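Notes follow the structure.
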Amino acid sequence: MIRRFASNKGAVIGVLILLAVIALAVSADLLFPRGPWAMVQRPFLVPFSTDGLPLGTDTLGRDVAAGLVHGARVSLLVGLVSTLVALMIGVPLGAVAGFYGGWADEGAMRFTEFFQTIPNFALAIVLVAILEPTLGSITLAIAIVSWPPVARLVRAEVMAVKRRDYVDAARLAGLSKFRILTGEVLPNTVSPIIVMASLMVATAILLESSLSFLGLGDPNAMSWGYMIGAARTVIRSAWWLSFFPGVAILLTVLALNLIGEGLSDALNPHLSRKGTA
Amino acid sequence: MAVIAPILGRLVKALVTLLAIAVLNFFLIHAAPGDPAVVLAGEAGAADEQMIAQLRERFGLDQPFHVQLGSYVWNIVRLDFGYSFRQGAPVLDLILDRLPATLILTLTAFCISLTLGIALGVAASARVGKASDSLLTTLALLFYATPLYWAALMAVLVFSVELGWLPGFGYETVGAGYTGLARIGDVIRHLILPASTLGLFFMAVYMRMTRASMLEVAQMDFVKTARAKGLSGPVIRRRHVLRNAILPVVTLAGLQAGQLVGGAVLTETVFAWPGIGRLMFESLAARDYNTILGVFLVSAAMVIAFNILTDLVYRLVDPRIGARA
Amino acid sequence: MRPVLTIEDLSIALPAGADRPHAVSGMSMTIGEGEILCVVGESGSGKSMTANALMGLLPPGVTVAGGRAVFDGRDVLALPETQRRALRGRQIAMIFQEPMTALNPLMRIGEQISEVFAAHGMYGPTERERRTLALVTEVGLPDPAKIMRAYPFQLSGGQRQRAMIAMALALEPELLIADEPTTALDVTTQAQILDLILDLRRRRGMGVMFITHDFGVVAEIADKVIVMEKGIAVEQGSAAEVLDTPQHPYTSRLLDAIPTGRLPEARSLEPAPVLELKGLRKVYRTGGGLFRPPREVRAVDDVSLTIGRGEVLGLVGESGSGKSTLGRTVVRLVTPDAGQVLVGGTDLAALSEEELRKSRGKVQMVFQDPYASLNPRHRILRALTAGPVAMGRPRAAAEAKARELLEIVGLGPEAAERFPHEFSGGQRQRIGIARALAMEPELIVADEAVSALDVSIQAQVLDLLRDLRARLGLSILFITHDLRVAAQLCDRIAVMQTGRLVEMGAVHDIFLAPRDPYTRALLAAVPGADWAAENRMAGNAEGARP
């Protein structure tokens with residue numbers, strides 16, 4: 001499986017980009033010990049014009065490069081944690097709905113459908129606006145709007161696996177329902193969940209940056225979306241202020257998508273062959 | 001007709017969903033830190049004691065919780081979304097004033113992204129493995145990873161600021177006084193950049209899906225049957241593969257409608273497009289929760305309308321649905 | 001007889017990395033006008049590849065490596081794609097195994113048939129319509145005008161295959177290639193489709209290349225036979241020659257493996273019952289809404305029967321007869337609506353969930369699909385010990401027992417440490433049997449346990465079951481759609497139709513003196529029944545010789 005993943009050029013590029021972003025995020029304090037908020041020079045310095053400030057300065061004279069590197073932390077952290085929270089909501093709900101069926105399924109699916117009907121970005125805005133913007137509320141809001149597809153996927157997978165004969169065999173072996181669900185069914189649904197999770201991190205990063213862009217970011221944390229939002233009004237005079245953070249988001253999200261596709265191909269060789277035939 | 005009953009069912013379900021959202025809104029107001037009345041008054045009303053008192057009465061804040069909930073939902077049912085103190089107008093009036101602009105924007109983006117996405121997906125699948133396919137899939141991958149608002153900003157920068165080809169701001173040229181066709185042309189010129197940047201991401205989604213779906217359907221037995229009949233490749237793709245491959249794309253388009261409507265907030269913000277998304281952004285800064293929640297409810301209603309629309313399309317394409325129901 | 005198709009030294013290359021370099025190598029044959037040639041072989045023998053090569057429908061990566069196929073004076077393998085396309089559907093037509101998936105689900109039947117005319121630019125719209133209607137009528141579809149407007153999902157499996165045949169006949173091809181066209185159908189439907197093909201051949205005089213794995217079907221329709229093993233034609237000749245005096249050992253093995261209807265000796269059995277079913281009922285309700293009444297299907301309708309200790313009872317029926325539901329009710333994977341399932345005096349149907357879990361060991365099941373019956377993530381040892389351990393047996397004892405059972409089913413104890421994907425279908429079925437035995441059940445329900453296997457593997461698994469029956473005194477409820485298989489193993493046979501038990505009796509009685517008309521219809525529909533009957537007489541005569 002690892003060999004199949006490694007033979008996928010896109011996936012390898014994705015891993016390399018992501019590792020680079022992680023490395024920058026981890027070493028942010030070493031690279032820019034003064035933090036992202038410090039005013040280091042005159043405002044509106046053009047990139048590559050001043051030594052030590054390769055990406056120039058923003059409207060308040062802050063180092064754009066420092067903002068980018070520190071912003072990587074927020075993006076990765078929010079992306080990862082909100083995905084985990086969404087999985088913690090979606091997996092049990094989908095599993096119970098798919099496995100027990102009947103009223104449990106009916107109830108869980110109406111609930112999921114309801115959340116899927118609500119425009120998710122609008123809900124995220126409302127949630128963050130009402131709960132006050134902090135990293136915690138942003139993460140929670142993103143998780144709340146991202147779990148429905150997980151629940152649907154897990155339900156569908158569980159329903160498919162549940163029909164296999166080995167699950168009937170486990171019932172005939174006298175195993176309890178809970179043990180069958182956790183021991184026989186769920187482990188066989190892991191591959192598509194992993195694939196979806198990697199794509200969800202990408203979507204979560206996009207969502208976080210969009211919220212920050214609208215001014216709903218945590219005021220204490222520098223983030224890519226905030227940098228673009230703050231530079232929106234000066235785009236005519238200082239294009240680089242919005243350009244570089246946007247490229248950073250694009251590359252990170254692209255990397256995660258590439259990894260997700262690579263995982264999907266490696267875990268479902270049957271489908272991938274169809275995709276490339 | 002067999003089509004009517006399920007659509008009626010959908011409408012009933014839609015109403016129930018909207019009621020549930022109203023209930024959700026009510027709980028959100030109470031989840032906000034502080035007195036709900038103060039929350040609803042927003043920044044504008046923070047100082048005005050008399051207004052707060054009015055709000056308390058309107059909400060029946062001295063009443064038991066379920067009575068409060070009942071009266072809140074009843075107000076929504078009567079289409080009374082409250083009053084925006086910030087803008088000095090009923091929320092419903094504000095929204096109705098802005099709704100047409102948003103409908104034009106989202107519908108255009110939806111149609112562009114769906115038709116282009118399907119067309120490019122079909123084109124890519126027909127050239128699978130060749131250079132043009134790789135180019136298209138790579139582009140789709142890039143668009144798929146591009147933040148919507150950033151694409152909008154860069155489009156403004158390139159096509160409006162640098163090249164000066166298209167307006168990057170507003171709904172029409174203010175003060176030009178165009179009428180009739182000239183006005184429509186003016187709006188369309190203003191619409192091009194917002195609609196295409198909003199549609200870009202979704203075009204990528206539909207293209208990837210169409211391509212994958214086309215390739216999957218092409219493996220199916222009935223396609224082999226079609227080849228055994230002596231049909232030519234293009235005829236097989238058009239008559240047999242495409243129709244079957246489009247079904248999952250239509251389903252997806254329905255599911256994505258919510259994201260499209262949500263994305264309009266960002267696009268409208270960047271392009272100063274006078275729609276409800278822009279209204280929401282303005283209300284955020286003013287902490288005008290009545291308006292925010294009103295826009296939220298109306299955008300959910302829009303998503304439901306999109307869903308019913310795609311459902312209808314699905315019924316037209318797939319004969320099995322009507323018979324099964 | 002004028003030859004329609006002559007194949008000379010055909011070789012088909014598989015892509016690098018396949019289990020063998022050639023799907024087919026050095027194959028030659030001739031099909032004459034009005035002649036039916038059966039290509040027989042097990043899965044992977046290359047029989048379908050031959051057909052696909054002729055049609056120019058080989059999957060990507062698979063190529064014709066050599067040889068000629070002369071049709072209508074030209075080598076079709078060497079023709080450019082446009083000319084081959086002109087040939088497809090017009091002079092050479094093909095029908096497939098799965099009528100379920102071989103039709104476009106979104107197109108009306110009439111459209112799909114008249115599309116053949118359109119593909120070759122034949123006739124105007126009204127003439128196409130008229131000819132389509134004539135075809136639908138000719139293949140014996142009921143209410144032709146209505147069928148033309150119907151979508152595939154509204155037709156039964158047999159009707160879909162008839163529609164496929166109508167499509168293939170549209171332009172009166174000289175050659176019809178049929179790739180396992182009856183394998184997915186019920187036995188009575190299969191008999192009708194075979195009759196239809198025989199009838200059409202007679203009326204139209206076209207050559208037919210009929211691909212099958214079933215020698216019964218061969219006996220039914222073949223003029224000539226070609227037997228394929230791993231891509232090589234090991235034997236060919238007239239149907240009579242190959243069936244009665246096979247030359248190649250592989251052919252003999254296949255013929256031996258076929259349930260010939262040579263009936264086993266009746267055994268004397270203990271009267272003590274292991275299983276008693278009393279008035280069992282199960283109704284499925286589907287659909288239904290606020291205003292519509294739900295559709296009711298009586299899957300099991302008042303069934304009572306008894307299985308004695310050490311007895312094998314065959315439960316035979318077509319799809320939809322309720323035989324699988326009955327089997328699942330006996331192991332209580334399905335809870336019946338009414339009636340009793342008495343095993344050793346306990347009514348399984350009446351137990352609570354908790355009590356049931358403790359009594360699970362009494363009845364075990366062997367499943368149909370060897371690829372779905374084992375959890376791909378668990379080692380074999382875990383599959384075999386999970387049940388006994390859950391029943392409270394010490395782990396060490398359960399593991400020792402598991403290894404012993406793997407030996408008994410012919411796999412060897414080292415199989416315990418391996419994963420399911422390392423085994424073939426037949427081996428997995430052995431593991432499934434071992435898993436059932438590990439619970440030391442009083443009764444095993446085998447639900448189509450050999451149906452997914454190739455004939456030769458099927459024979460081996462049946463041998464194993466027969467052996468276990470003798471050694472362990474197993475009682476088995478053997479569910480199958482195939483009367484021939486039931487005859488090989490069972491003491492008694494019960495025939496089910498639409499939820500009801502229509503007839504039950506000793507194998508000899510069912511085969512030689514069936515009383516119920518449905519049983520008689522089933523027996524008559526068994527492919528190669530006449531041939532098998534002759535064989536049986538010959539066999540019995542042989543056996544009578546001192």
Side-chain angles (χ1 to χ4, degrees), chain A residues 10 110-111 113-132 145 148-149 152 202-203 205-207 209-210 213-216 224-225 228-229 231-232 235-237 239 242-243 245-247 249-258 261 271 273-277, chain B residues 13-14 16-17 20-21 24-25 28-29 31-33 39 128-129 138 141-142 144-151 153-154 156-157 161 201 211-212 215-216 218-219 255 257-266 269-270 277 280-281 283-285 287 289 292-293 295-296 299-300 302-304 307:
Chain A
R110 287 291 95 67
F111 189 62
E113 252 174 40
F114 172 66
F115 270 89
Q116 212 158 24
T117 307
I118 301 177
N120 58 3
F121 186 56
L123 177 60
I125 290 176
V126 170
L127 284 172
V128 175
I130 281 184
L131 296 176
E132 302 295 324
V145 302
R152 290 184 83 107
T203 314
I205 288 177
L206 280 177
L207 269 174
S209 80
S210 304
F213 172 76
L214 290 180
L216 289 171
W224 294 337
I228 302 176
R232 180 169 70 87
I235 183 141
R236 279 156 205 274
S237 51
W239 57 271
S242 10
F243 181 73
V247 171
I249 299 171
L250 197 155
L251 283 178
T252 313
V253 172
L254 182 69
L256 283 159
N257 284 333
L258 286 172
E261 283 196 352
L271 288 177
R273 233 181 297 127
K274 272 185 186 167
T276 53
Chain B
K13 216 167 121 188
V16 173
T17 309
I21 292 175
L24 179 72
N25 276 355
L28 282 172
I29 294 168
V39 169
V128 72
T138 311
L141 206 58
L142 276 178
Y144 193 63
T146 308
L148 235 161
Y149 56 91
W150 186 72
L153 279 174
M154 292 301 122
V156 171
L157 194 63
V161 177
F201 172 85
R211 180 180 177 275
L215 292 177
E216 198 180 323
Q219 306 284 322
L255 283 175
Q259 282 198 39
L260 187 83
V261 171
V265 179
L266 294 163
T269 302
V270 172
M280 193 177 209
F281 175 68
S283 313
L284 278 177
R287 309 173 74 74
Y289 290 108
I292 294 175
L293 290 173
V295 171
F296 176 53
S299 52
M302 274 174 65
V303 173
I304 292 172
N307 283 339

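Computed from a prediction, not measured in an experiment: that's the story for all the values here. Here is how names work: the chains are called A, B, and so on, in the same order as the sequence lines, proteins then strands, and each is numbered from 1.
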What part of B:Ala20 lies closer than 4.5 angstrom to a heavy atom of chain A: side chain, backbone, both or neither? both
Within-4.5 Å side-chain heavy-atom neighbours: B:Ile21 and A:Phe114: yes
Side chain to side chain contact (heavy atoms under 4.5 Å, CB included) assessment of B:Leu284 paired with A:Leu216: CA-CA 9 Å; B:Leu284 278 177; A:Leu216 289 171; 3.8 Å; yes
Contact class of A:Ala129 relative to chain B, heavy atoms under 4.5 angstrom: both
Chain B contact via A:Leu251 - side chain, backbone, both or neither, heavy atoms under 4.5 Å: neither
Heavy-atom pair count under 4.5 Å with chain B, highest-scoring of A:Thr203, A:Ile205, A:Val247: A:Val247
Proximity breakdown for B:Leu260 and chain A, heavy-atom pairs closer than 4.5 Å: neither
What residue, out of A:Ile249, A:Leu258, A:Leu214, A:Val126, has the most heavy-atom pairs lying under 4.5 Å from chain B? A:Leu214
Assign the ring pair A:Phe213 / B:Tyr149 to parallel, tilted or perpendicular, where the plane angle (0 to 90°) is split at 30° and 60°. parallel
Just by distance, do the side chain of B:Tyr144 and the backbone of A:Val253 share a donor-acceptor pair under 3.5 Å? no
Show, in sequence, the C-alpha distance, side-chain angles and deciding distance for A:Ile228 and B:Trp150, and conclude whether the side chain to side chain contact (heavy atoms under 4.5 Å, CB included) test is met. CA-CA 8 Å; A:Ile228 302 176; B:Trp150 186 72; 3.8 Å; yes
Would you say that more than 12 heavy atoms from the other residues, nucleotides or ligands in this model lie under 6.0 Å from the CZ of A:Arg110, or not? yes
Using non-hydrogen atoms and a 4.5 Å limit, figure out which bit of B:Met302 sits close to chain A: side chain, backbone, both or neither. neither
If you apply the rule side chain to side chain contact (heavy atoms under 4.5 Å, CB included), what do you find for B:Val303 with A:Ile118, and how did you get there? CA-CA 7 Å; B:Val303 173; A:Ile118 301 177; over 6 Å; no
Okay, B:Leu28 and chain A: the region with an atom under 4.5 Å from a heavy atom over there is both
Top residue by heavy-atom pair count (under 4.5 Å) with chain A, among B:Val261, B:Ile292, B:Val265, B:Asn307? B:Val265
Could you walk me through whether B:Leu266 and A:Phe121 pass side chain to side chain contact (heavy atoms under 4.5 Å, CB included), step by step? CA-CA 10 Å; B:Leu266 294 163; A:Phe121 186 56; 3.6 Å; yes
